[in-house]
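Written below as structure tokens is the structure these notes are about.
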There are 2 protein chains.
Amino acid sequence: MTSGLDSKGRETAAPIDFYFDLISPFGYLGSIMIERLAAKHGRRVAWKPLLLGVTVMNVMGLKPLPKTPLKGPYLRHDATRLAEFFDIPFRYHGHDNINSLAGLRAFVHIAERDAETATELMRRLFAALWTKGRDITPVDVVCNEAVKLGLDADDIREAVQRAEVKQRLHRAVDDAISRGVFGTPFFIVDGEPVWGVDRFWMMEHWLTHHRWRQDTGDQRS
Amino acid sequence: MTSGLDSKGRETAAPIDFYFDLISPFGYLGSIMIERLAAKHGRRVAWKPLLLGVTVMNVMGLKPLPKTPLKGPYLRHDATRLAEFFDIPFRYHGHDNINSLAGLRAFVHIAERDAETATELMRRLFAALWTKGRDITPVDVVCNEAVKLGLDADDIREAVQRAEVKQRLHRAVDDAISRGVFGTPFFIVDGEPVWGVDRFWMMEHWLTHHRWRQDTGDQRS
């Protein structure tokens, strides 16, 4: 079985790729759950940005979930009860048209030098939006969280307007699409794509047994 | 806790409503899983027909899942591995444009007098399509399975063309929509709506504890 670390504590398994967009409540819940699961199995999580506006609307040709009849109200109820079930702080914000571009551009900019700090900034933005109801659209809000991590606000303010940073985010989203990623949370674990905050039971099984069949009769576990 | 039966074996809990459309592989997998779960908790399952063409395309304004880029191929892979995980016989058929109208009209017609036989016919049609790859669109295929249950083929052939039977199916679908049902498998258990074949862990918890919180510290279980 792959613990992710060898006997000297060195990493042996690839990280679990976690595709996120800050605007999704399920992405927020998934961001906390995947780190709990990865920690339990000694695996690392690699956060990767996704723009739901690109995948849902442009590529799949669907409408945003909150604006989809029947499914929208269902998912709103569902996120609330999942948060309760998973024991994760959560409340709906009252903002329309939350935009994650500044946050995700800051992510790719910072991650180039320091992936862990970039990830920590995303955790803070997720929490700002989904526990405090703060609109994370303005770059000022992104900078406000960034300075708490010792980052330079002016550097971020300049970076999110730079063509090269915008390009890097677009390339990241294109890479995601080329791997079949379309929603969030979306995980790729040892090559297996797993979509949804409701699939941790399945990933738990995969991380333990590295196959889908549940019986152990004719296979070594 | 609600076992579904009182000390004399009489039913006390409402059945779990299960909304299905024969054309969905997830509906097929869900039909088997919900009966396993219900049996374990001494609950009855009430099968209720849904037309995905109506909810997905007309009401939600989305395209059929198999024709949705990215999501279509993902879900195809997903149904196969879920069947393996759940140990359910399953294979993809090669038919385009499977239509469940004849099957579901037969269901509402037979269910009026005998819900259990109507349900058994649906189990057979699900298996015909999703294990044997048989196109269940023609009324002859529906009748073929029906006669094995001692039903009268001529009666069914006539019923599926009758305006009153068509109306009954439409009313059933309208009722489903009015309860917020939009996909399959969709369950309503003690008033809680639960969508998806990946939510049995959640329904298991609900059937056992009748709440979403997992801690038992300050509540009687």
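Naming convention: chains lettered A, B, ... in sequence-line order (proteins, then strands); numbering from 1 in each chain.
Considering only heavy-atom pairs separated by less than 4.5 Å from chain B, the leading option among E84(A), H77(A), K71(A), E192(A) is K71(A). Among P193(B), G72(B), G180(B), the residue making the largest number of heavy-atom pairs under 4.5 Å with chain A is P193(B).
H209(B) and Q214(B) share no donor-acceptor pair across their side chains, judged by distance under 3.5 Å alone. With no hydrogens or angles considered, a side-chain donor-acceptor pair links D21(A) and S100(A) at under 3.5 Å. Between the side chains of W47(B) and E35(B), at least one donor-acceptor pair of N or O atoms lies under 3.5 Å.
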* To do: Show your working on ring-ring contact (aromatic ring centres under 6.0 Å, His included) between F26(A) and F20(A) and close with a plain yes or no.
  => CA-CA 9 Å; F26(A) 298 98; F20(A) 70 97; over 10 Å; no
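Residues of residues 52-61 of chain B lying under 4.5 angstrom from chain A, judged on non-hydrogen atoms, are V59(B), M60(B), G61(B) in numerical order.
Taking the six-membered ring for Trp and the full ring otherwise, the centers of F186(B) and Y74(A) sit less than 6.0 Å from each other. Between W201(B) and F85(A), a ring centre-to-centre spacing shorter than 6.0 Å is recorded.
Residue F200(B): no heavy atom, backbone or side chain, is found under 4.5 Å from chain A. Within the 4.5 angstrom heavy-atom criterion, no atom of P73(B) approaches chain A. The contact between V181(B) and chain A is made entirely by backbone atoms, counting heavy-atom distances below 4.5 Å. Heavy atoms of R199(B) lying under 4.5 Å from chain A belong exclusively to its side chain. Heavy-atom distances place both the backbone and the side chain of I177(B) under 4.5 Å from chain A.
The backbone N or O of G133(A) lies less than 3.5 Å from a partner atom in the side chain of H95(A), making a donor-acceptor pair. In terms of modelled atom types and a separation under 3.5 Å, the side chain of H205(A) and the main chain of R211(A) share a donor-acceptor contact.
Two residues are said to be in side-chain contact when any heavy atoms from C-beta on lie closer than 4.5 Å; W212(B) and M202(B) meet this criterion.
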